[in-house]
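In what follows, residues are counted from 1 in the order of the sequence shown.
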Amino acid sequence: MVAPLYTTDSGLLWHAGKILVCTVGLPARGKTHVSRALERYLRWTGVKTTVISLGDYRRKVLGGAQQLPPDYFTLAQGEKSPETIKLREKVMRGCEQQIWDFFDAGGQVVIYDANNGTRERRNAVAEKFDKAGIHVIMLESESMCDNEDIIMANIRSYRGWDPEKAVEDYYNRIKDHEKHYEPVEETTWPFIRIINVGEKIMVNNIHGYLQSRIVFFLMNIHNRFRTIYFARSGQSLIEHSFKADSDLSPAGWEYAERLKEFVLERRAKSLEQRGINPTERRLVIWTSARRRSHHTAWPFLTKGSNDPSPPAKVKVIERPQMSEINPGVWDGLTPEQVRKYYPDEWERFVNDPYAYRAPRAESYHDLCVRLEPTLIELEREKEDLLIIGHASVIRCILAYLIGLPASEIPAIEVARGDLIEVVPTSYGVYSQAHHFWDGPGRAASGKDEHNFYENYAEDTQGKRRPDAGPGVEIAPVAP
């Protein structure tokens, strides 16, 4: 369920209380990937959630690996010096204080991203918070990781090290942890064990709606590298009518051909840089059931003179849930006409473009609720994905991926002629916009004022690029 429009006095939702999710697992086993994905989903549902990383806190307080004593990562107690033990305890106390501070400030769910590799360690953490009435869940990730990108991301604290020595030191750390690691087998606390990021899940003593939603989400994620592309559909013959469901205009068909060329070219270059043959990996395309959307995908199913040989593997799927926002009785009206005929409704709409629902229409909140099953399918999709959709739909999906608050969804700029590229990673989201079209239907040439309903906030509240979300790696817009 998308974030509700109501709030509670306690700030907690669904009578779930406060929850501490403690990750458990060896280094480079996908704990951070799972933690960040779960944080994004819970925030989307309106739950005040944060990830507190022991590794990030340690780097902030003590610096990189070069500043640490050589026995810092040794798990065997008898092999660590008293000074190292005190240093580790200081870091753990400071990190746990951040957890307490978040709960005291009204937060509901904390995901404690740490190894917690021994029963003694995780029981000590759980008992502290259990005494305060906080529900504790152990989240164990047992994914075997041979992805070099994830390994390299994990050694980002080795600044100033020779790359080969950094990798060697990190693998030695993993081997040392393997000697002393104790998997979650005790049933003292509720737990979720994830094998290979969603391939298999074991659950123990999970109760209530919110905890069940956490399990449901974790059953649908993966950590395979993929790229998600977004593009608006081409110009239609009747742009200002929701009911008309008109076909593409001649310029719209030209746009569709150009979109195909640009996507295949851009994707091939990206895959080749990673050592992947583009012809061996399938591209999945999602469209709505509206003609202008799924007809924009038609060129991908035909072979043109400029197509690569052999042709790309493409699968097109229509998703009726991805239809544009319904403007209701305002369909086809200009802002001036709405002000004249619906003055009270107009005032309420201007004050809150996300939550207000025009007569017989949908609000952006309604649209987000409608799109939630699509978001779960988005998490499940393992192939490269191109979403050819309507501006309102793209805004909602981008806000979910990037982590924008719901109130900012109507103000995200989505221009026809831009290809938005999003790459989810373990430590954030990389996003970039590429411009490829300046023909008819491009926003810069003037918008159809009859189609203002879904684009109103973008025009009046300041434009926000989809690559400007918190925690997002910013990339320049291609010329």
Legend entry - Ile194 CD1 to Ile221 CD1 distance, which is reported to the nearest 0.5 Å: 5.5 Å
Inset, instruction - For the pair Glu272 and Arg266, find out whether any cationic side-chain nitrogen is under 4.0 Å from an anionic carboxylate oxygen. - result: no
Inset, instruction - Could you verify whether a donor N or O on one side chain and an acceptor N or O on the other, from His180 and Thr118, lie under 3.5 Å apart? - result: no
Legend entry - Sidechain-backbone polar pair: Asp331 side chain, Phe242 backbone, donor-acceptor under 3.5 Å: yes
Inset, instruction - Please say whether more than 12 non-hydrogen atoms of neighbouring residues, nucleotides or ligands are located less than 6.0 Å from CE in Met92. - result: yes
Legend entry - Stepwise side chain to side chain contact (heavy atoms under 4.5 Å, CB included) test for Glu421 and Thr227: CA-CA 7 Å; Glu421 179 180 330; Thr227 302; 3.5 Å; yes
Legend entry - Nearest atoms (heavy-atom pairs only) where Gln108 meets Val47: OE1-CG1, 3.7 Å
Inset, instruction - List the atom of Leu26, the atom of Asn115, and the distance in Å for their closest heavy-atom pair. - result: C-OD1, 4.2 Å
Legend entry - Approximate separation, where rounding is to 0.5 Å, of Asp113 CG and Glu39 CD: 10.0 Å
Inset, instruction - Indicate whether the side chain of His295 and that of Asp247 have a donor and an acceptor atom separated by less than 3.5 Å. - result: yes
Legend entry - Any donor-acceptor N or O pair under 3.5 Å, side chains Asn204, Thr187: no
Inset, instruction - Flag the pair Thr32 / Val34 as yes when at least one side-chain heavy-atom distance between them is below 4.5 Å, and no otherwise. - result: no
Legend entry - Charged N-O contact under 4.0 Å between Asp384 and Arg281: yes
Inset, instruction - Go through the side-chain N and O atoms of Glu239 and Ser236 and say whether any donor and acceptor fall under 3.5 Å apart. - result: yes
Legend entry - Side-chain donor or acceptor of Thr302 paired with backbone N/O of Pro299 under 3.5 Å: yes
Inset, instruction - Determine, stepwise, if the pair Arg224 / Glu383 fulfils side chain to side chain contact (heavy atoms under 4.5 Å, CB included). - result: CA-CA 9 Å; Arg224 180 177 175 178; Glu383 306 287 351; 4.1 Å; yes
Inset, instruction - Spell out, as yes or no, whether a donor-acceptor pair under 3.5 Å connects the side chain of Arg370 to the backbone of Ser323. - result: yes
Legend entry - Pair His33, Asn223: side-chain N/O donor-acceptor within cut-off below 3.5 Å: no
Legend entry - Any side-chain donor near an acceptor of the partner, Asn123 and Glu127, under 3.5 Å: no
Inset, instruction - Assess whether atom CZ of Arg360 is packed by more than 12 heavy atoms of other residues, nucleotides or ligands within 6.0 Å. - result: no
Legend entry - Least distance between heavy atoms, Thr279 atom then Lys313 atom: O-CE, 3.4 Å
Inset, instruction - Check whether any side-chain heavy atom of Val423 lies under 4.5 Å from a side-chain heavy atom of Phe225, and answer yes or no. - result: yes
Inset, instruction - Taking the side chain as every heavy atom from C-beta outward, state whether Lys315 and Arg282 have any pair of such atoms under 4.5 Å apart. - result: yes
Legend entry - Pair Asn205, Trp189: side-chain N/O donor-acceptor within cut-off below 3.5 Å: no
Legend entry - Least distance between heavy atoms, Gly107 atom then Leu12 atom: O-CD2, 4.1 Å
Legend entry - Leu38 and Ile214, any side-chain heavy atoms less than 4.5 Å apart: yes
Inset, instruction - May I ask you to check whether Arg395 and Tyr364 show a side-chain donor-acceptor distance below 3.5 Å? - result: yes
Inset, instruction - Give, for atom CG of Asp104 and atom CH2 of Trp100, the distance between the pair rounded to the nearest 0.5 Å. - result: 8.0 Å
Legend entry - Heavy-atom check, side chain of Ser363 versus side chain of Tyr354, under 4.5 Å: no
Legend entry - Reported CD1-to-CD1 distance for the pair Ile99 and Ile52, which is rounded to 0.5 angstrom: 5.0 Å
Legend entry - N-O pairing of Glu362 and Arg357 below 4.0 Å: no
Legend entry - Under-4.0 Å salt bridge between Glu257 and Lys260: no
Legend entry - For the student: nearest non-hydrogen atoms of Phe216 and Asn220, plus distance: O-ND2, 2.7 Å
Legend entry - Carboxylate-amine/guanidinium proximity below 4.0 Å for Lys18 and Asp130: no
Inset, instruction - Any chance you could lay out the side chain to side chain contact (heavy atoms under 4.5 Å, CB included) test for Glu379 and Arg40, step after step, and finish with the verdict? - result: CA-CA 11 Å; Glu379 293 288 354; Arg40 182 178 67 239; 2.6 Å; yes
Legend entry - Pairwise distance CH2(Trp286) to CD(Glu318) - rounded to 0.5 angstrom: 14.0 Å
Legend entry - CA sep, side-chain torsions, deciding dist, call: Gln432, Tyr430, side-chain hydrogen bond (donor to acceptor under 3.5 Å, both in side chains): CA-CA 7 Å; Gln432 191 172 15; Tyr430 174 84; 3.1 Å; yes
Legend entry - Short N-O contact, Arg29 and Glu178, less than 4.0 angstrom: yes
Legend entry - Whether Ser233 side chain and His390 backbone form a donor-acceptor pair below 3.5 Å: no
Legend entry - Working for side chain to side chain contact (heavy atoms under 4.5 Å, CB included), residues Lys31 and Glu140: CA-CA 8 Å; Lys31 297 186 300 297; Glu140 183 176 21; over 6 Å; no
Legend entry - Side-chain heavy-atom pair Cys368, Tyr400 within 4.5 angstrom cut-off: no
Inset, instruction - Determine, for Glu381 against Arg226, whether the closest basic-nitrogen to carboxylate-oxygen distance falls under 4.0 angstrom. - result: no
Inset, instruction - Look at the aromatic rings of Tyr255 and Phe436 and report parallel, tilted or perpendicular, splitting at 30° and 60°. - result: tilted
Inset, instruction - Could you tell me the separation between the CZ atom of Arg291 and the CH2 atom of Trp298, rounded to the nearest 0.5 Å? - result: 9.5 Å
Inset, instruction - Using a 4.5 Å cut-off on heavy atoms from C-beta on, say whether the side chain of Ile111 contacts that of Thr50. - result: no
Inset, instruction - Kindly say whether Gly234 contributes a backbone atom to a donor-acceptor pair with the side chain of Thr296 at under 3.5 angstrom? - result: yes
Inset, instruction - Compute the ring centroids of Phe262 and Trp437, then answer whether they are less than 6.0 Å apart. - result: no
Legend entry - Contact check, side chains of Ile137 and Leu20, non-hydrogen atoms, under 4.5 Å: no
Inset, instruction - Measure up the Phe349 and Trp330 rings against each other and bin them: parallel (under 30°), tilted (30 to 60°), perpendicular (over 60°). - result: perpendicular
Inset, instruction - Could you tell me whether the side chain of Ser431 and the main chain of Val422 form a donor-acceptor pair under 3.5 Å? - result: no
Inset, instruction - Look at Arg232 together with Glu413 and state whether they make a salt bridge at an N to O cut-off of under 4.0 Å. - result: no
Legend entry - Closest heavy-atom pair and its distance - Leu367, Cys396: CD2-SG, 3.7 Å
